[in-house]
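Numbering starts at 1 and runs along the sequence shown.
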Amino acid sequence: MKPLLPLLGALLLAGCASAPNTLILAPSAPMVQAGSQQGALALTSVDHRPEQFLVEVRKDDGAAELLSPAEPPRQLLEQGIRDGLSRLGYRIDPAATVTLSLSLDKLVMKIDQGTFGHDASTSLIATVIVDNRGRTLTKEYRVRSSFSGPLKPEMARIEREMNDRLSQLMSDIVNDPELHTHLNLE
């Protein structure tokens with residue numbers, strides 16, 4: 001019986017643990033039609049977000065809970081765009097003369113948690129700069145959404161919303177005809 005007491009104590013303490021404050025991001029790859037050979041481009045990215053958390057939950061008493069990502073969202077965004085452009089036929093080459101620079105400017109969800117419900121708003125902003133032999137295109141992409149519900153939002157709902165918005169942002173960038181026109185200027 002004595003060997004079971006530490007195990008029983010650990011199980012009881014595990015039941016009292018608070019909710020995790022780390023989000024698992026796994027956005028879907030952008031949907032694209034397979035393309036023919038396009039050309040080479042160098043892809044870089046930077047995270048310019050003013051806040052490094054992803055979710056801020058404000059409660060009635062003014063206390064805030066901050067949720068952070070398990071992986072850097074800039075890397076996930078860059079990888080999704082890299083994969084999408086590769087499927088479109090672009091060859092990603094760090095030595096290419098055509099460059100695409102991605103800046104993640106904002107990625108945050110604000111949740112107002114009341115006694116009986118919650119209201120959430122999500123905002124993502126990314127800037128893409130394409131330099132094609134001295135001709136530059138700078139374009140900002142924005143994705144916004146909101147949702148509300150009873151009681152406290154579930155972590156799975158928060159993660160799904162963030163992943164859906166990241167996927168939408170990647171698709172908007174990868175499928176932008178103006179971007180492709182500028183990438184293929186001769």
Side-chain angles (χ1 to χ4, degrees), residues 21-56 64 66-111 120-147 158-186:
N21 43 351
T22 301
L23 290 174
I24 305 299
L25 295 179
S28 302
M31 300 297 291
V32 298
Q33 296 290 333
S36 60
Q37 185 65 30
Q38 295 288 335
L41 67 96
L43 176 63
T44 60
S45 65
V46 66
D47 190 340
H48 280 139
R49 294 178 299 137
E51 59 274 313
Q52 293 306 302
F53 60 88
L54 292 183
V55 179
E56 178 182 26
L66 303 178
L67 306 176
S68 298
E71 288 185 62
R74 176 204 56 83
Q75 289 177 352
L76 295 170
L77 190 60
E78 180 182 330
Q79 188 59 49
I81 290 171
R82 178 183 306 276
D83 293 347
L85 291 173
S86 294
R87 281 197 310 272
L88 286 171
Y90 291 97
R91 187 172 41 86
I92 308 300
D93 178 0
T97 57
V98 178
T99 62
L100 187 150
S101 301
L102 171 69
S103 172
L104 182 57
D105 301 321
K106 186 173 188 178
L107 173 59
V108 69
M109 178 186 292
K110 305 274 185 168
I111 301 175
S121 63
T122 307
S123 179
L124 287 77
I125 301 173
T127 303
V128 171
I129 301 169
V130 175
D131 183 354
N132 189 340
R133 298 173 190 89
R135 293 174 283 197
T136 304
L137 169 72
T138 302
K139 192 161 183 183
E140 187 175 84
Y141 297 86
R142 293 175 176 263
V143 174
R144 296 181 190 274
S145 69
S146 61
F147 66 91
I158 294 169
E159 288 176 341
R160 184 174 60 248
E161 182 67 22
M162 290 300 277
N163 285 320
D164 288 350
R165 292 317 114 225
L166 273 169
S167 297
Q168 181 183 351
L169 182 66
M170 287 188 292
S171 288
D172 289 353
I173 294 169
V174 169
N175 293 309
D176 183 354
E178 183 181 11
L179 181 72
H180 295 293
T181 299
H182 202 79
L183 286 170
N184 293 310
L185 288 175
E186 291 298 322

- request: Dump the intermediate steps for side-chain contact (heavy atoms from CB on, under 4.5 Å) on Val108 and Arg49, then the final yes or no.
  value: CA-CA 9 Å; Val108 69; Arg49 294 178 299 137; over 6 Å; no

Any donor-acceptor pair under 3.5 Å from [X] side chain to [Y] backbone:
{"X": "Asp47", "Y": "Pro73", "result": "no"}
{"X": "Ser167", "Y": "Ser28", "result": "yes"}
{"X": "His182", "Y": "Arg135", "result": "yes"}
{"X": "His180", "Y": "Val174", "result": "yes"}
{"X": "Asp105", "Y": "His48", "result": "no"}

Between [Y] and [X], is there a side-chain heavy-atom distance shorter than 4.5 Å?
{"X": "Ile158", "Y": "Met109", "result": "yes"}
{"X": "Leu169", "Y": "Leu107", "result": "no"}
{"X": "Ser86", "Y": "Ile92", "result": "yes"}
{"X": "Asn184", "Y": "Tyr90", "result": "yes"}

message: Is it the case that the side chains of Asp83 and Gln79 hold a donor-acceptor pair, with the cut-off being a distance below 3.5 Å and no angle test?
response: yes

- request: Check side chain to side chain donor-acceptor pair (under 3.5 Å) between Asp176 and all other residues, then give those that pass, not counting sequence neighbours.
  value: Lys139, Tyr141

task: Any salt bridge (charged side-chain N to carboxylate O under 4.0 Å, His left out) involving residues 122-131? Give me the pairs, sequence neighbours left out, ordered by first then second residue.
output: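 Sorted pair list comes back empty.
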
field: Identified side-chain contact (heavy atoms from CB on, under 4.5 Å) partner of Leu76 from the options Leu25, Asn163, Ile81
entry: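 Per the side-chain contact (heavy atoms from CB on, under 4.5 Å) rule, the option paired with Leu76 is Leu25, out of Leu25, Asn163, Ile81.
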
field: Non-neighbouring partners of Ala29 that pass side chain to side chain contact (heavy atoms under 4.5 Å, CB included), sequence neighbours left out
entry: Arg87

field: Met162 side, atom CE; Leu124 side, atom CG - distance, nearest 0.5 Å
entry: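 Here the interatomic distance stands at 6.0 Å.
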
field: Working for side-chain contact (heavy atoms from CB on, under 4.5 Å), residues Asn21 and Leu66
entry: CA-CA 7 Å; Asn21 43 351; Leu66 303 178; over 6 Å; no

